[in-house]
Enquirer: 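Structure below; questions to follow.
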2 protein chains.
Amino acid sequence: MSSIPKIVILGAGYGGILTAQRLQKALNYNEADVTLVNRHEYHYFTTHLHMPAAGTDSIEHTRVSISKLIDEFKIDLVKSSVQEIRTQQKKVILEDGTLSYDYLVIALGGEPETFGIPGLDKYALTIRSINSVRLIREHIEYQFAKYKNENNAQEHINFVVGGAGFSGIEFVAELADRIPALCKEFDVDPSMVNIYNVEAAPTALPGFAPELVEHAMTVLTKKGVTFKIGVAIKECLPGGVILATGEEIKASTIVWTGGIRGNRLIEAAGFEAMRGRVKVDEYLRAPGHENIFIIGDGSLMINPEGRPYPPTAQIAMQQGECCAHNLVAAIRSQQPKKFAFSNKGTVASLGKGQGIAVVGDKKYKGWTAAQLKKVVDMRYLFIIGGIPLVLKKGRFL
Amino acid sequence: MSSIPKIVILGAGYGGILTAQRLQKALNYNEADVTLVNRHEYHYFTTHLHMPAAGTDSIEHTRVSISKLIDEFKIDLVKSSVQEIRTQQKKVILEDGTLSYDYLVIALGGEPETFGIPGLDKYALTIRSINSVRLIREHIEYQFAKYKNENNAQEHINFVVGGAGFSGIEFVAELADRIPALCKEFDVDPSMVNIYNVEAAPTALPGFAPELVEHAMTVLTKKGVTFKIGVAIKECLPGGVILATGEEIKASTIVWTGGIRGNRLIEAAGFEAMRGRVKVDEYLRAPGHENIFIIGDGSLMINPEGRPYPPTAQIAMQQGECCAHNLVAAIRSQQPKKFAFSNKGTVASLGKGQGIAVVGDKKYKGWTAAQLKKVVDMRYLFIIGGIPLVLKKGRFL
């Protein structure tokens, strides 16, 4: 190891940003060289993407420049896309250069998992980045314009959302909220618009208590959403989907939210992974690599009930904090600490003024849950950027 | 003829609205049955369409509900699309019904003329209605989103506007004005965007004095427009155009403004027409049909220099007034009056704060011309809707 250890963090999502911020606070001057690599010059709030995707909130409420979050005197920022991780050589190949590391943090986030359903990767849109949600928003608006120019062809105003988990439900809610404005803008009769939410699992929002799931479905059905629960998408075509029941839904817009997997670079690097997620040790390290930490969507951890924790922003943030702690400990030859997830609760937005939430053993619905969602968002803004960021990016209304 | 003569006006554009308004003022109670047929429930300002097409102004500044302009106690409004004109039977076939008439006013407006250039009718967008300009606006935004999601493929931010006449120049100016905002919204480097304005004629803006044409081109070149003057489009492809020089411009957006012709229903009805324009008599009547008036883009009139008047809003409005006068005269068995065009001048907008204008033998450039454009727009709003419409739809800034 060189005189000053080199730490490279791949990805500035929830996990990467938290790791970097905690490192910059904990490390002493010249104790380590830290480099944060990210494809974009901004960090974005994945849990908020459903709003700009539907067009109910702006992109600028959904991202913040990384240079506003990181002290560039302490951490080097590299805007580049990772091409390859070479663990043998302790190198990371970027699209325009190479970085060597002593310690590596892989916080590259997730990718959509399409479970091999034919056509989904080609014809479905996915909510996964600022670029992708701008595409969804524009795609939707374009379909309304086409509807009016192509003899009111119904497929242009049919929308299929695959997946009724967290992301699917939150997006469907925003989309339903956006429809009246779109109909007004494009002179479309709102009763002609159809939103289908298709989910293969036997229930929407798995993990939530049945009474909250029922509440969510009632709220969304009133907003005009048609649910197809317990029905898999068999195939995705350029102009619609075919369901396992044989039913065909014609739609020019298919948004797939049905699954997430780790980044493909992880498998390519030779890590043993299940859908791109590596079962890390209790210190968040990749098996057999004491100097490589994997956090966020690329990591797999088993909860006390023996099931994997779902990939969420909450766990990624906590992993980032733990990872930073363990990096500092490693550099100082101290004992690392075990990661222990502390569940702060879960909130799902159901559109304007509506939501469901579970905090501890308490359940919330409606306005209270919607406010909780904002509190969670603001708490995150506060953690990464203090009051100024809350004021700048927070949604108070 | 039945006891009360039936007047049917097809189209509520500049000509149709003026005809209807003047009739409703001039006719006595029960002197005639007047029906105004229009495809949409609104009248729109064709001369303003370049702004919502580029996204620099809203649709709502570009149209007004016909029921706000017409007294429905005096004139029947029928929202329908004309399918056929049967002059022998004195009938008009609508998509959902039939109207019989004693007097007919054909004010159906124009259609894009593509001069047989292959692919233009299929792959180019045209500025001709509220629906079409919404499509253009959304198409443009969608290309920016695609650019960011498809490896910065250059064709998505190349724009070709065919035609550097009035509409082409005004649209190109607005598009150039819109680019900075689009680049900001989609994180695109403005220097990467290309706007090409291609014109087959030896000059842009034919009819304007050379010094004004030069001024216009200088202003637009500074805004980033690349002119190809004296170069025809040979073919339009799904992903660009091939010019007569053999040069290919890759572009996902082609907007064709290069020509206009009369509505195809006119030829289908058996009128002798040149590109859908009928050479009407001095009273605006179709040859051989004393009871049929054709006004606006479907009419062809020769000016004192022996050339056809270009189809403009100005001439359509004056024809509408004359047509109403002659309808009343016909009903009252009075002498009709000859149409005489009174040229109030011409103004072309070159984007925010810029323009060129000719009024009588005076020429104007820059800010003054831009203000004149607004005055012309407001004068029109005043004519059809008085002060309330000016206040509601006028652009004062």
Side-chain angles (χ1 to χ4, degrees), chain A residues 38-42 44 52-53 55 57-66 79 81 95 112 121-153 156-157 181-189 252-253 255, chain B residues 38-42 44 52-53 55 57-66 79 81 95 112 121-153 156-157 181-189 252-253 255:
Chain A
N38 197 57
R39 187 197 304 235
H40 311 289
E41 64 202 10
Y42 50 82
Y44 59 83
D57 198 9
S58 81
I59 292 294
E60 294 316 316
H61 276 161
T62 316
R63 65 177 177 180
V64 55
S65 172
I66 295 171
K79 179 181 173 285
S81 174
E95 65 182 339
D121 51 347
K122 207 164 164 194
Y123 305 120
L125 300 159
T126 53
I127 301 172
R128 59 188 181 127
S129 65
I130 293 289
N131 285 334
S132 77
V133 303
R134 276 191 294 226
L135 188 67
I136 293 174
R137 183 192 68 200
E138 294 303 331
H139 181 91
I140 292 169
E141 294 179 5
Y142 194 45
Q143 301 318 307
F144 274 83
K146 281 190 166 180
Y147 175 75
K148 294 297 285 189
N149 282 275
E150 293 174 9
N151 296 315
N152 299 359
H156 290 310
I157 52 170
L182 285 169
C183 286
K184 186 152 184 276
E185 170 68 22
F186 291 93
D187 303 322
V188 172
D189 175 357
S252 306
T253 308
V255 178
Chain B
N38 197 58
R39 189 198 304 236
H40 310 292
E41 64 203 8
Y42 50 82
Y44 59 84
D57 197 8
S58 81
I59 291 295
E60 293 316 316
H61 276 162
T62 316
R63 64 175 177 181
V64 55
S65 172
I66 295 171
K79 180 178 171 287
S81 175
E95 66 181 339
D121 52 345
K122 206 163 163 192
Y123 305 121
L125 300 159
T126 52
I127 301 172
R128 60 186 182 129
S129 65
I130 293 289
N131 284 335
S132 78
V133 303
R134 276 192 294 226
L135 188 68
I136 292 174
R137 183 191 69 200
E138 294 304 330
H139 181 91
I140 292 169
E141 294 179 6
Y142 194 46
Q143 301 318 307
F144 273 84
K146 280 191 166 181
Y147 175 75
K148 296 296 286 187
N149 283 276
E150 292 174 11
N151 296 313
N152 298 359
H156 290 311
I157 52 170
L182 286 169
C183 285
K184 186 150 185 280
E185 170 69 21
F186 290 94
D187 302 322
V188 171
D189 175 357
S252 305
T253 309
V255 178

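Predicted model only: the values in this text are computed from it and were never measured.
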Enquirer: Hey, is B/Glu138 close enough to A/Lys148 for a salt bridge, meaning N to O under 4.0 Å?
Expert: no
Enquirer: Show the numbers, then the answer: is there a side chain to side chain contact (heavy atoms under 4.5 Å, CB included) between A/Asn149 and B/Ser132?
Expert: CA-CA 7 Å; A/Asn149 282 275; B/Ser132 78; 4.1 Å; yes
Enquirer: May I ask you to test the B/Asn38-B/Lys79 pair for a side-chain heavy-atom distance under 4.5 Å?
Expert: no
Enquirer: Select, from B/Lys146, B/Glu185, B/Gln143, the one with the greatest count of heavy-atom pairs under 4.5 Å involving chain A.
Expert: B/Glu185
Enquirer: Are A/Thr126 and A/Val255 close enough that some pair of their side-chain heavy atoms sits under 4.5 Å apart?
Expert: no
Enquirer: Check side-chain contact (heavy atoms from CB on, under 4.5 Å) between B/Phe144 and all other residues, then give those that pass, not counting sequence neighbours.
Expert: B/Ile140, B/Ile157, B/Phe159, B/Ile179, B/Leu182, B/Cys183, B/Phe186, B/Val188, B/Val193
Enquirer: Over 60° means perpendicular and under 30° means parallel, so classify the ring planes of B/Tyr44 and B/Tyr42, tilted if in between.
Expert: tilted
Enquirer: Taking heavy atoms only and a threshold strictly under 4.5 Å, list by residue number the residues of residues 58-66 of chain A that touch chain B; give 'none' if the list is empty.
Expert: A/Ile59, A/Arg63
